[in-house]
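In what follows, a single structure is set out as structure tokens and then discussed.
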Amino acid sequence: MLQQTRVETVVDYWLRFMAELPTVQALAAAEVEHVLSLWSGLGYYSRARRLRAAALAIVGDHGGEFPRTRAGARALPGVGPYTAGAVLSMAYDLPEALVDGNVARVFSRLFALEEQPASTAGQRELWRLAWECLPEQGAGEWNQALMELGATVCTARAVRCGECPLATVCRARATDRVAELPRLARPTPPVSVSLEIAWARRGPLVLLEKRPPQGRLAGLWEPPTREVENGAGQKSGLWPPEFRAQKTLRLGGTLARLSHSITRHAIRAEVREAAVEGSLPTAWHWVGPGDLWRMALTGMAKKVLRL
DNA sequence: TAGCCGTGGGC
DNA sequence: TGCCCAAGGCT
């Protein structure tokens, strides 16, 4: 859950997840749809699928216990170099290094590294330093302290050098280059996307569509959504003929326009009341309010449904 | 190697 | 508001 996600965001999801699936055996036995429903709104949903797959491997191949070796950990789905170092050092207090976004920023400044952290050379240098700095005892606490320093003091912006315990030995600080480091990769411009979201009601039921099993938000549920024709005249949304989008929905007296983002996509969405006649596409279903909590909804769907 | 995958918060 | 960024991993 913590991969690319802030602690504050994760906490509530983690508590619900652990209350529902408290053991690795329970997670391994759970339906993918169930796991995704607990992940609903957290994003990067492949993490949820891999977590379940890892639980299956742990139960099936490791006697229900997380591996205690780097190779064993790295072989699990969803466990990369960072996660392996994090779990082994914190859960088992093994002397394992880690590099995440925070450590990369702290080290880039502390040692005034010129390489971009995302580059191969930059990663190699960061991991070398992480191992070089690692104390023989207490690697887990060391790693957490390093990440905490990056999260609270040595931040991307509004850096708090005055509160930093390493300020006197920081090479970026000494050369007044804190704001320039770490060197950032040239950002790719975001793609603007305009969506139309259908809001169709039938008594207490709401119309939802299950997304395709591949690609973005794979297999998750959302109110029927189509990409609107953009200025260049491409990608016009294809609504079924039985379906008519009507006026823009008003929520709290204002037009229901939602801004949203998916990595490198700036999304503007408009929610429209819709009428449905005749048969529905197979992916469309009327869903009762009690079922919504048990479904794998997209974050956008939760916004629209105000859950 | 670089593109892809979600969402929420800070400024 | 719009942009940047975050306890990454996979292909």
Side-chain angles (χ1 to χ4, degrees), chain A residues 1-14 36 39-51 53-54 73-91 96-106 108 116-124 126-127 130 140-152 154-160 179 182 184-193 195 211-212 214-220 222 225 257-269 296-304 307:
Chain A
M1 286 183 176
L2 289 166
Q3 289 168 355
Q4 292 291 100
T5 308
R6 288 184 162 82
V7 174
E8 313 86 74
T9 303
V10 162
V11 172
D12 288 343
Y13 287 91
W14 188 83
L36 285 172
W39 209 274
S40 167
L42 248 190
Y44 284 148
Y45 297 96
S46 62
R47 295 181 299 177
R49 302 174 191 276
R50 293 180 189 133
L51 186 64
R74 283 297 309 277
L76 296 171
V79 178
Y82 161 77
T83 304
V87 174
L88 294 178
S89 69
M90 297 177 206
E96 291 285 336
L98 63 76
V99 174
D100 75 328
N102 287 308
V103 175
R105 188 170 52 251
V106 170
S108 291
Q116 293 181 2
S119 69
T120 302
Q123 282 289 306
R124 185 167 52 239
L126 286 166
W127 279 93
E141 284 212 37
W142 167 266
N143 286 332
Q144 291 186 65
L146 214 45
M147 291 189 288
E148 191 72 5
L149 185 66
T152 61
C154 194
T155 48
R157 282 166 295 183
V159 190
R160 298 172 176 81
L184 299 178
R186 186 186 312 153
T188 48
V191 179
S192 291
V193 179
L195 302 180
R211 294 180 59 92
Q214 302 294 331
R216 183 186 308 155
L217 302 169
L220 272 66
E222 64 185 4
T225 300
R257 298 179 197 278
L258 303 173
S259 67
H260 186 67
S261 65
I262 295 177
T263 311
R264 292 195 202 92
H265 294 259
I267 296 178
R268 299 185 63 80
L297 298 166
T298 68
M300 190 70 151
K302 295 179 88 170
K303 275 189 186 175
V304 172
L307 295 175

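Keep in mind the model is a prediction, meaning the values are calculated, not measured. Within every chain, numbering begins at 1; the chains are lettered A, B, ... in the order of the sequence lines, protein sequences first and strands thereafter.
- Of the residues in residues 97-105 of chain A, those lying under 4.0 Å from DNA chain C by heavy-atom distance are A:D100, A:G101, A:N102, A:R105.
- In plain terms, the two heavy atoms of A:V79 and A:A84 that are nearest each other are CG1-N, 3.7 Å.
- Across the P atoms, C:dT11 and B:dG6 are found 14 Å apart, a figure rounded to whole Å.
- The distance between atom CG of A:L2 and atom P of B:dG8, rounded to the nearest whole Å, is 16 Å.
- Counting non-hydrogen atoms under 4.0 angstrom, A:S119 reaches nothing in the nucleic acid.
- Distance check on atom C1': C:dC10 versus B:dT1 gives 13 Å, rounded to whole Å.
- Between B:dC4 and C:dA7, the two P atoms lie 23 Å apart (nearest whole Å).
- Shown here is A:Q214, whose CD atom has no more than 12 heavy atoms of other residues, nucleotides or ligands within 6.0 Å.
- A heavy atom lying under 4.0 Å from DNA chain B marks none of the residues of residues 73-85 of chain A.
- Atom pair A:L297:CG and B:dG6:P shows a separation of 14 Å (rounding to whole Å applied).
- Note: NZ (A:K303) to C1' (B:dT7) measures 8 Å, nearest angstrom.
- Heavy atoms of A:R50 sit under 4.0 angstrom from primed sugar atoms or phosphate atoms, though from no base atom.
- Applying the 6.0 Å contact sphere to CH2 of A:W127 captures more than 12 heavy atoms from other residues, nucleotides or ligands.
- Less than 4.0 Å separates DNA chain B from at least one heavy atom of each of the following residues of residues 4-14 of chain A: A:Q4, A:T5, A:R6.
- Nucleic acid contact class of A:T120 (heavy atoms, under 4.0 Å, all strands): sugar-phosphate only.
- Separating the CZ atom of A:R157 from the P atom of C:dG2 is a distance of 16 Å, rounded to the nearest angstrom.
- Rounding to whole angstrom units, CG of residue A:L195 and P of B:dT7 are separated by 12 Å.
- Residue-level contact check: A:A151 touches the backbone only, with heavy atoms under 4.0 Å from sugar-phosphate atoms and none from bases.
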For nucleotides 2-5 of chain B, tabulate all protein N/O to nucleotide N/O atom pairs closer than 3.5 Å, reporting atom names and distance.
unit_1: B:dC5; atom_1: N3; unit_2: A:Y44; atom_2: OH; d: 3.4

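- Put simply, the side chain of A:R74 reaches to within 4.5 Å of the side chain of A:P81, judged on heavy atoms.
- Here the C1' atom of nucleotide C:dG9 and the CE atom of A:M1 are 17 Å apart, to the nearest Å.
- With sequence neighbours excluded, the residues satisfying salt bridge (charged side-chain N to carboxylate O under 4.0 Å, His left out) with A:R211 are A:E222.
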Reading 5' to 3' and counting Watson-Crick or G-U wobble pairs with both distances under 3.5 Å, write the dot-bracket notation for DNA chain B, | for bases paired outside the strand.
.||||.|||||

